[in-house]
Amino acid sequence: MKKTITYLLLLIFFFCTITAKSQEKNEKPAPPITRILFIFDASYSMIGQWESDSKIRVAKRILNSILDSLDKVENIELALRCYGHQSKVPPQDCNDTRLEVPFAKNNSAKIKNRILDIMPKGTTPIARSLEAAADDFPASSNSRNVIILISDGLEECTGDPCLISQKLQKKGIILKPFIIGIGKGDLTSLNCIGTYYDASNEQLFKNVLNVVINYVLNKTTCQVNLLDSKDQASETNVAYTLYDHFSGLPRYNYIHTMNNKGTPDTLVIDHMATYDLVVHSIPEVRRDSITLIAGKHNIIAINAAQGDLQLIVKDKDPYKGLNCIIRKAGDMKTIHVQNFGETTKYLLGNYDLEVLCIPRINIKNVDIKQSYTTKVEIPQPGVANFLFTAAGYGSIFLADSDNMKFVYRFKENTLQETIYLQPGEYKAVFRYKTSKETVYTIQRTFRVVSGLPVTIKM
């Protein structure tokens, strides 16, 4: 009885372990964390009067109201960097920038409390603040790094904020920043940093800040339609990559999937980037500069009609890993190397094949059709056994043509060599190493038949 119970417990444990591992393998990846860094202008000009109050107080009040609404958002972390709040002017301190509240979850209250103590004092080092912001974001492969810059003035130091922003975006450290220009000054030149919004009055500032936050947090979906020759989204099970158009870095890598309804699966991706789509078909297809509409379901369509190519050796295949070079018809660039005995998908069109048997076989204009398997068959080779009484030099040529077409060069230091040759008439020429005169060259003509051996004594 005890043994039976023990046995049952072991079975249950084994079943639970297998089930847990299976669920772990099929577990969906965690959604990305959205990290928003507020870069807050606390330079001396922020002490100036706006409408109802000083610019610094209005900015604090409106930012605090936004922070309250962010407390309830999942998968979000916030941080605060300020500039112009540590050193008075004059003199000008172009290093006056500091991360006041680092990234963390549920830290809105901490940011609000810190803002209360910030007082305008110094200059406006926007470039230096952006440069320092690169180190504010924790290293992560699953995050969206967003900067919202709130400023009432232009760069007052020697740095180039536009160049710094571009470098950070190119490296994939941040997404395209948002800049909110407050007050009545003309700050449109800051548009080169990212997406610029002009907030000339208090209500507009509040509206713009809400628009930016909603845009950042909007859930956007898309599907990738791989179109066949009838413009139907029927192609699937091929890898594709969405690259960031600006940085050139890959953002998403997927295997295209049809869902349970037989339609392309829905993805949740970041709408803030412009994408280049590369479908890793053979050959690859590409669509550049794809933009998504925030908060909507977007359809990305691309022509990727495919058919199959099957490579076969007639009757019995004695080759081990015989390869075939695949090229577009009329183009010498290799797009793929396919093994015989395999079936591989290609985009529709005509292809030139070079079979790496001996001698090589060139097959022109093989037509790949939609949802159809094109079969290419080559003859079964014969087996040529060469026997040498001593080592030497020699080659094999096709003998059934007007010209001596080179086929194969013998190994120099061997007394026996076995070669798979395609059916046909051949000529072997050979000279022993010990023979120092050309007239001692030996010639042998022989015929190779599919599936049969032939012995040639040199």
Side-chain angles (χ1 to χ4, degrees), residues 18-32 74-75 141-142 144 218-245 249-311 326 328 335-339 341-351 366-376:
I18 295 297
T19 302
K21 288 183 177 180
S22 176
Q23 291 175 345
E24 183 180 344
K25 289 180 180 179
N26 294 319
E27 186 178 348
K28 288 185 178 180
E74 295 181 354
N75 297 315
S141 59
N142 192 32
R144 304 165 67 233
N218 245 323
K219 185 177 180 180
T220 302
T221 60
C222 77
Q223 69 183 59
V224 176
N225 288 357
L226 305 182
L227 303 180
D228 60 23
S229 59
K230 297 180 179 179
D231 289 335
Q232 299 297 311
S234 67
E235 299 290 353
T236 189
N237 301 328
V238 60
Y240 65 91
T241 300
L242 286 164
Y243 293 89
D244 186 289
H245 179 75
L249 299 174
R251 291 288 302 276
Y252 302 96
N253 295 290
Y254 294 116
I255 300 294
H256 190 273
T257 306
M258 294 292 193
N259 60 26
N260 293 331
K261 296 180 180 179
T263 58
D265 198 25
T266 295
L267 307 171
V268 179
I269 67 173
D270 188 0
H271 58 275
M272 293 175 58
T274 298
Y275 295 101
D276 297 334
L277 168 65
V278 176
V279 180
H280 302 293
S281 52
I282 305 175
E284 293 181 337
V285 289
R286 183 184 186 100
R287 179 182 165 187
D288 290 346
S289 302
I290 300 168
T291 57
L292 304 180
I293 301 174
K296 304 291 184 180
H297 182 67
N298 298 259
I299 295 178
I300 304 171
I302 187 169
N303 292 319
Q306 299 174 85
D308 290 310
L309 173 64
Q310 184 179 13
L311 301 181
I326 313 294
K328 283 187 175 182
I335 62 170
H336 190 58
V337 176
Q338 181 176 338
N339 291 332
E342 293 181 354
T343 301
T344 302
K345 286 186 177 297
Y346 295 88
L347 295 182
L348 305 190
N350 293 329
Y351 296 86
V366 175
D367 188 17
I368 303 298
K369 303 174 183 178
Q370 176 70 59
S371 305
Y372 176 80
T373 300
T374 300
K375 296 181 180 180
V376 171

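What you see is a predicted model, and the numbers here were worked out from it, not measured in a lab.
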[X], [atom1]: over 12 other non-hydrogen atoms inside 6.0 angstrom:
X	atom1	result
Tyr254	OH	yes
Lys328	NZ	no
Ile293	CD1	no

What are the two closest heavy atoms between [X] and [Y], and how far apart are they?
X	Y	value
Thr220	Gly295	OG1-N, 2.9 Å
Leu311	Gln338	CG-NE2, 3.6 Å
Leu348	Gly307	CD2-N, 3.7 Å
Pro264	Val224	CB-O, 3.4 Å
Thr236	His256	OG1-ND1, 2.9 Å
Tyr275	Ile269	CE1-CD1, 4.1 Å

State, with a plain yes or no, whether a side-chain heavy atom of [X] is found less than 4.5 Å away from one of [Y].
X	Y	answer
Leu309	Thr344	no
Val285	Asn303	no
Lys345	Ser281	no
Ile302	Leu226	yes
Ile335	Ile282	yes

Does [X] reach the main-chain N or O of [Y] with its side chain, forming a donor-acceptor pair under 3.5 Å?
X	Y	result
Gln306	Glu235	no
Asn142	Ala30	yes
Thr374	Asp367	yes
Arg286	Asp276	no
Thr257	Ile255	yes
Asp228	Lys230	yes
Asn298	Lys296	yes

Kindly compute the distance separating [atom1] ([X]) from [atom2] ([Y]), expressed to the nearest 0.5 Å.
X	Y	atom1	atom2	value
Arg144	Asn75	CZ	CG	10.5 Å
Asp265	Asn259	CG	CG	5.5 Å
Gln223	Met258	CD	CE	9.0 Å
Leu292	His271	CG	NE2	8.5 Å
Leu277	Ser289	CG	OG	12.0 Å
Leu242	Arg251	CG	CZ	9.5 Å

Would you call the rings of His336 and Tyr346 parallel, tilted or perpendicular, where under 30° means parallel and over 60° means perpendicular?
->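 His336 vs Tyr346 ring planes: perpendicular.
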
Considering the options Asp270, Leu267, Asp244, which one meets the side chain to side chain contact (heavy atoms under 4.5 Å, CB included) requirement together with Tyr252?
-> Asp270

